[in-house]
Amino acid sequence: MMSGNALRDLNTLPASERKNDSSSKGNFTKTCNGNTIENVEELQKKNPSSVCINGGETVNAAVEGANLEVEYIESENLGDLEDVNTCLEKLLPGLESKDWVLVVETLNNVRRLSIFHREEMHSMLGDLIPLVVKSLKNPRSAVCKTAIMTSADIFSAYNDDLIEFLDPLLVQLLLKSSQDKRFVCEAAERALEVMTTSVFPMSLLPKLQPYLKNRNPRIRAKASMCFSRSVPRLGVEGIQEYGIDKLIQVAASQLSDQLPESREAARTLLLELQTVYEKSNGLSTTIPEQPEMNSWEHFCQSKLSPLSAQAVLRVTNIAREGLVIGS
């Protein structure tokens with residue numbers, strides 16, 4: 001079940017997150033004795049004592065402020081750590097720090113550990129995930145986006161081991177993927193895609209399902225897209241085990257949703273379910289009508305209200321007619 005905090009977070013978008021920002025880089029401005037430094041390279045020249053941020057850029061930890069341009073390093077470009085044990089010891093204090101530069105550096109170390117030393121960090125997940133969630137809520141873009149990228153790497157590394165910690169991560173990623181700050185939104189969407197390909201759908205689908213009814217239509221749309229992507233990974237037997245009747249009811253409810261993303265996700269899911277149903281019942285997908293009692297049409301009418309069944313059959317019949325015409 002979702003936590004109370006997760007449910008409350010879903011319905012609260014800070015005003016700072018509703019501002020437009022189309023940049024793919026994080027720009028941070030602080031004062032430094034009245035001076036500004038144009039970029040990281042110049043900062044390095046002026047201040048050789050520095051810390052690593054986002055894998056490649058460096059920032060002087062002692063400088064109280066500078067105008068910095070930070071590149072976000074993709075997972076495949078992250079290098080390994082030199083001292084794993086020391087890094088592990090500093091993870092939790094680093095993530096709890098009030099120094100945002102240190103938090104970003106530590107988040108990137110979490111990413112490196114996930115990629116190169118997943119077993120060593122596994123026992124820390126229970127303490128680590130709440131701090132990653134805290135960073136996801138941070139209004140500073142560098143911290144927030146790096147935490148999103150950290151979430152994606154954690155999904156890739158730990159798969160189903162994250163299920164008991166998933167709710168707070170999921171709600172924040174749905175929120176971030178639904179906001180107007182484009183470069184944060186796009187990063188969150190990528191993290192959600194990684195989640196749907198990393199976490200076993202039999203465990204993930206029940207986590208996603210409550211968000212399909214959220215009062216925020218953008219949350220519903222992102223959840224619908226995740227749900228639709230996850231179902232095919234069950235396979236024919238998995239879909240039957242989960243309950244094709246449950247899945248068709250979910251898809252039917254999204255067909256009339258406010259946003260086109262939800263409706264398109266529902267259509268994609270319905271076509272998948274139709275294919276699975278007809279394969280499992282030995283029915284052809286190219287015959288326009290099936291008079292048998294186990295036909296797709298009869299199944300829809302037996303599981304849905306008349307209006308919902310009509311809407312579902314309209315979607316699947318159009319696709320079938322197109323298949324017949326194209327054959």
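For the single chain, residues carry numbers from 1 onward in sequence order.
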For Glu278 and Thr316, what are the C-alpha separation, side-chain angles and deciding distance, and is it a side chain to side chain contact (heavy atoms under 4.5 Å, CB included)?
-> CA-CA 12 Å; Glu278 294 183 333; Thr316 54; over 6 Å; no
Interatomic distance, CZ@Arg112 vs CG@Asp80, rounded to 0.5 Å, equals 9.0 Å
Are Val315 and Leu259 connected in a single hydrophobic cluster, I mean Ile/Leu/Val/Met/Phe/Trp/Tyr linked by side-chain heavy atoms less than 4.5 Å apart?
-> no
Determine which pairs satisfy side-chain hydrogen bond (donor to acceptor under 3.5 Å, both in side chains) with at least one residue from residues 237-249, sequence neighbours left out, and list them in order.
-> Gln209-Tyr242, Gln240-Ser280
Spacing of OH belonging to Tyr72 relative to NZ belonging to Lys145, to within rounding of 0.5 Å = 6.0 Å
Report the distance from atom CG of Leu174 to atom CE of Met225, rounding to the nearest 0.5 Å.
-> 11.0 Å
Can you tell me how far CG of Leu166 sits from CE of Met195, rounded to the nearest 0.5 angstrom?
-> 6.5 Å
Rounding to 0.5 Å, atoms OG (Ser114) and CD (Glu120) come to a distance of 11.0 Å
In sequence, state the C-alpha distance, the side-chain angles, and the governing distance for Phe183 and Ser141, and then conclude on side chain to side chain contact (heavy atoms under 4.5 Å, CB included).
-> CA-CA 9 Å; Phe183 79 106; Ser141 296; 3.6 Å; yes
Only pairs at least two apart or in different chains count here, so list each ring-ring contact (aromatic ring centres under 6.0 Å, His included) that has a residue in residues 117-138.
-> His122-Tyr158
Donor-acceptor under 3.5 Å (Ser230 side chain, Phe227 main chain) = no
Which value, rounded to the nearest 0.5 Å, describes the distance between Ser151 atom OG and Leu173 atom CG?
-> 5.0 Å
